[in-house]
Amino acid sequence: MPELPEVETTRRGIAPHLIGVPIREVTIRNYKLRYPVSKTLDQISGDRVIDIHRRAKYLILHLEKSGSLIIHLGMSGSLRLSDPAIELKKHDHVILDLTSGKQLRFHDPRRFGIYLHLPKEDPLKHSLLSKLGPEPLSDEFTPAVLKHACAGRKTPIKQVIMDNKVVVGVGNIYASESLFRAGIRPTTPAARLSGPKLARLVETIRQVLSESIEQGGTTLRDFVNSDGQPGYFAQRLFVYGRESELCRICKAPIRQKVIGQRSSYWCPKCQK
DNA sequence: CGAACCTCCTGCGGGC
DNA sequence: TGCCCGCAGGAGGTTC
C-alpha cells in the first residue's frame, strides 16, 4: 500500500490526532522490523509530537523534548488511530497510548518497516535520509536533474526514476503509470531519451503523484475508521497490474515484464 | 563508481 | 480442503 501518496495520506490522517497530544505509554510488541525498534522508544512517554513531516516515504515525527521518530511503512505497514477497546491484531508491533484515549498502532505483517527513535540527532542527518534525492513535487526535481541522472546510462528509465538518489518516492506502481502518461516504454535506456521526453516525464511523475494524493484525500475522512484497504487507486490505473487487459486509450493488450526485479507494465502502442 | 542481484518477512491467490 | 509455488506497493546491502 504505501507509495508516496499513501504515506502522505497517513501523515495528514494522523497529524490532527497526534500533534500536541501527550503520549501516555509506549508498548513494543515486536522489535524485529527492518532494523530493531529503538530501545530508547519508551523515553517518549510523557512527551508529545509537535510536528509531522514526510521525506520520501519516511515520516518524521518531531517530539517536544525527546528528539524525533523516523517511521517507514515498508511494503505492508500502516499507522492507524484506534480505540484501545478494539482488540489488537496480529502484527500490531508498536502502540502509542495517547492521553486523548486513542492509540496509534503501527501494523506491519511483513516487517519491512522502520520505527526509530532519535533522542538528539537531526533526523535529516540520519544516514537513511541524508543521501536522498529531491522530492518529486518540489522545485528541486527538474528536467535538468533528470537529464543529468540519465546521461550516459543504459539502465532502463524505469529503474532510474525509482532510484532514490535521482528522485524519491516514485514506487513501482507510479513508475509504470508515469511512464505510460509520458508515452515512454519502461525498458528504454535512459540515455536515449530526449530532453523534451524527460521534461514530459518529470511532469507526469508530478501529475500522477499529486493526483493520487488528492485521491488519498478522499480516504482521509474515513482514515481513522478505515480497515485499511482503499480501493480508490484501481480505477485510475492505466497499466499497473493490467497485463493482457486492453489499454484504456488504444485497446492494445497491456504488456508485463520484470525490470530490475520489479514487475513493470506498459502499452506497446501508446509507449514507444 | 554503476549495475545486477540478494535480502528481510508474511499473506494471498492460483494450480493441482 | 490442502499443499506448494510464485508473487507482492520498499530499499538498503553486497558483490563484481
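Chain naming here is simple, since letters A, B, ... match the order of the sequence lines and numbering starts at 1 in each. Predicted, not measured: the structure shown is a model, and the values here were computed from it. Values below: every heavy atom of this structure, side chains too, minus hydrogens, waters and symmetry copies.
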side-chain N/O Thr155(A) vs dG2(B) OP1/OP2, d < 4.0 Å: no

Spacing between Arg262(A) atom CZ and dA8(C) atom P, to the nearest angstrom: 8 Å

Value in whole Å for how far the C1' atom of dC8(B) lies from CG of Leu33(A): 11 Å

Touch class at under 4.0 angstrom, heavy-atom based, for Lys165(A) against every strand present: nothing

Atom-pair distance (CG on Leu128(A); P on dA11(C)), nearest Å: 10 Å

Derivation and outcome, salt bridge (charged side-chain N to carboxylate O under 4.0 Å, His left out), residues Glu243(A) and Arg255(A): CA-CA 5 Å; Glu243(A) 187 188 2; Arg255(A) 302 201 50 193; over 6 Å; no

Glu203(A) and Arg206(A) ion-paired at < 4.0 Å: no

Electrostatic pair Glu211(A)-Arg181(A), nearest N-O below 4.0 angstrom: yes

Tyr58(A), nearest nucleotide to its side chain (from dA11(C), dC9(B), dG12(C)): dG12(C)

Heavy-atom neighbours of Lys165(A) NZ exceed 12 at 6.0 Å: no

ring centroid sep under 5.5 Å plus plane angle under 30, Phe112(A) with dA11(C): no

Touch class at under 4.0 angstrom, heavy-atom based, for Lys32(A) against every strand present: nothing

Most 5' of Gln159(A) and Arg110(A) on DNA chain B, judged by nearest nucleotide: Gln159(A)

Among dG9(C), dC5(B), dG12(C), the nucleotide that comes nearest once only the side chain of Arg34(A) is considered: dG12(C)

Per Pro109(A) side chain, nearest of listed nucleotides dA8(C), dG11(B), dA11(C): dG11(B)

Touch class at under 4.0 angstrom, heavy-atom based, for Arg153(A) against every strand present: sugar-phosphate

Aromatic contact, His62(A) with His53(A) (centres under 6.0 Å): yes

Interatomic distance, Ile173(A) CD1 vs dA8(C) P [rounded to whole Å]: 11 Å

Nucleotide dA11(C), atom P - distance to NE2 of His72(A) in whole Å: 4 Å

Ion pair Arg236(A)/Glu177(A), N-O distance below 4.0 Å: no

Touch class at under 4.0 angstrom, heavy-atom based, for Leu73(A) against every strand present: nothing

OP1 or OP2 of dG11(B) under 4.0 Å from side-chain N/O of Lys90(A): yes

P-based separation of dG12(C) from dC1(B) [nearest Å]: 15 Å

Joint cluster assignment, Ile71(A) & Tyr35(A), ILVMFWY side-chain distance < 4.5 Å: no

Atom C1', compared across dG9(C) and dA3(B): separation rounded to whole Å: 24 Å

Nearest-Å distance for atom pair CD/P, residues Gln261(A) and dA3(B): 14 Å

Minimum-distance nucleotide (side-chain atoms of His91(A) versus dT10(B), dG10(C), dG12(C)): dT10(B)

hbond_proxy Arg111(A) side chain to dC9(B) base (donor-acceptor, 3.5 Å cutoff): no

Gap between atoms CD and C1', on Glu6(A) and dA8(C) respectively (whole Å): 15 Å

P spacing across the pair dA11(C) / dC12(B), given as an integer number of angstrom: 23 Å

Pairing partner of dC8(B) (Watson-Crick or G-U wobble, both distances under 3.5 Å): dG10(C)

Per Asn164(A) side chain, nearest of listed nucleotides dA3(B), dT10(B), dA11(C): dA11(C)

His148(A) NE2 - dG2(B) C1' separation (whole Å): 13 Å

OP1 or OP2 of dG9(C) under 4.0 Å from side-chain N/O of Tyr174(A): no

